[in-house]
Visitor: 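Below you'll find the structure I mean.
Because only heavy atoms are used, hydrogens play no part in the values below, and waters and symmetry mates are left out as well, while side chains stay in. When a ligand or atom number is given, it counts from 1 through the structure's own listing order.
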Amino acid sequence: MKERIQELISQIQNLEVNSAEELENLRIKYLSKKGEISALFGEFRNVAPEDKKEIGVCINQLKEQALLKFQQLKEQFDAAKELAEREDLTRTPDPTALGTRHPLSLVKEEIIDIFSRIGFTVEEGPEVEDDRHVFGMLNFAPEHPARDMQDTFFVEKQEGVQSPDDILLRTHTSSVQTRVMTTQQPPIRVLCPGRVYRNEAISARAHCFFHQVEGLYIDKNVSFADLRQTLLYFAKEMFGADTKIRLRPSYFPFTEPSAEMDISCNICGGKGCGFCKQTGWVEILGCGMVDPNVLESCGIDSKQYTGYAFGMGVERITNLKYRVKDLRLFSENDVRFLQQFESC
Ligand code: DAH
């Protein structure tokens with residue numbers, strides 16, 4: 001029996017295997033319940049008592065060595081298999097989960113697309129701006145409340161006094177108007193999308209940052225009728241051909257006259273519902289004729305040129321389009337919310 005064990009040890013040590021299948025067959029041959037090593041354990045019963053100790057040690061050695069050898073061979077095959085798989089460039093790739101586009105990006109791009117069809121191009125400006133571009137050149141009086149610490153996040157502010165060099169986070173994208181008008185001469189027809197910041201408590205209806213798209217058109221003989229017609233075109237393209245608009249007089253320091261524009265409520269079709277507070281109308285933007293003071297402060301001759309401007313909140317338009325009730329959803333990155341825009 002001892003010879004048989006020695007022979008098996010040397011057989012196993014010299015094993016050469018070419019495939020995983022072959023390895024499995026050999027494992028069955030030696031190590032399975034009906035294999036050679038099990039058989040030896042069976043025969044062990046008949047070994048003479050005085051030889052039992054020595055033979056027992058040998059059989060256990062054989063079993064240990066066999067287990068070790070098979071483990072090593074298996075590892076070799078596994079590693080080779082993994083390598084082969086990795087190198088197979090023709091293998092079908094694992095499907096990669098695609099992300100979805102953010103609803104605010106979708107709406108922003110739709111707005112840009114609608115206005116680009118009538119000749120508007122896109123201009124962007126810095127989010128960290130100076131007081132001059134955000135307020136001063138836009139005809140805000142020095143004591144205007146929008147400059148107040150409660151609305152504006154200041155980055156660098158002179159103690160006590162208000163200075164055109166104060167650095168702040170822009171509170172509206174109208175600041176890009178002043179950048180464009182100081183660097184370009186009319187005709188100017190631009191759309192300025194971007195993020196804006198205001199020091200507000202975060203709730204379902206307000207956030208400390210949000211997005212706006214500003215529009216500006218300066219040329220000879222630009223009239224309020226041009227503004228109205230452009231905005232009507234936009235409202236119909238964005239919310240459907242049946243959409244109506246109405247302009248209500250308003251006030252902005254940088255436009256004169258100024259207006260706020262409502263569209264017929266696209267949820268109840270103008271009949272009156274909870275969303276439009278039973279009025280049939282919802283406000284979507286501010287607009288007006290660029291104040292001559294603004295043109296002059298930017299170096300544009302207000303006797304020769306006139307222009308209109310408008311500004312809208314992208315979140316507001318998105319709410320109307322997709323009925324998102326809580327503003328916070330836009331910045332929480334909850335994929336359950338974002339995935340709903342997958343096919344858009
Ligand atoms: N800047 C204004 C705001 O943030 C929006 C606005 C109103 C922009 C009227 C304009 C405009 O260009 O003409 O509330």
Visitor: Tell me if a side-chain donor or acceptor on Thr243 pairs with a main-chain N or O of Lys236 at a distance below 3.5 Å.
Guide: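 Judged by distance alone, no pair lies under 3.5 Å.
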Visitor: Ring centroids only, cut at 6.0 angstrom: are Phe135 and Phe254 within range, meaning strictly under it?
Guide: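 So the answer is no for these two rings.
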Visitor: For Tyr233, enumerate each residue passing the ring pair (Phe, Tyr, Trp, His ring centres under 6.0 Å) test, keeping only those at least two apart in sequence or located in another chain.
Guide: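 Tyr233 satisfies ring pair (Phe, Tyr, Trp, His ring centres under 6.0 Å) with no residue once adjacent residues are dropped.
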Visitor: Please determine which of Thr171, Asp131, Asp166 meets the side chain to side chain donor-acceptor pair (under 3.5 Å) test together with Arg147.
Guide: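 Among Thr171, Asp131, Asp166, the one meeting side chain to side chain donor-acceptor pair (under 3.5 Å) with Arg147 is Asp131.
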Visitor: Of all the heavy-atom pairs spanning Leu227 and Ala309, show the shortest one and how long it is.
Guide: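 What the structure gives for the nearest pair is CD1-O, 4.2 Å.
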Visitor: State whether Arg316 and Glu283 are salt-bridged, where the test is any N-O pair (Lys NZ or Arg NE/NH1/NH2 against Asp/Glu carboxylate O) under 4.0 Å.
Guide: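 Result for this pair is no, no salt bridge flagged.
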Visitor: Might you list the protein residues in contact with ligand 1, defined as having a heavy atom under 4.0 Å from one of its atoms, sorted by chain and number?
Guide: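 Residues within 4.0 Å of ligand 1: His172, Ser174, Gln177, Arg198, Gln212, Glu214, Phe252, Phe254, Thr255, Gly286, Cys287, Gly288, Ala309, Phe310, Gly311.
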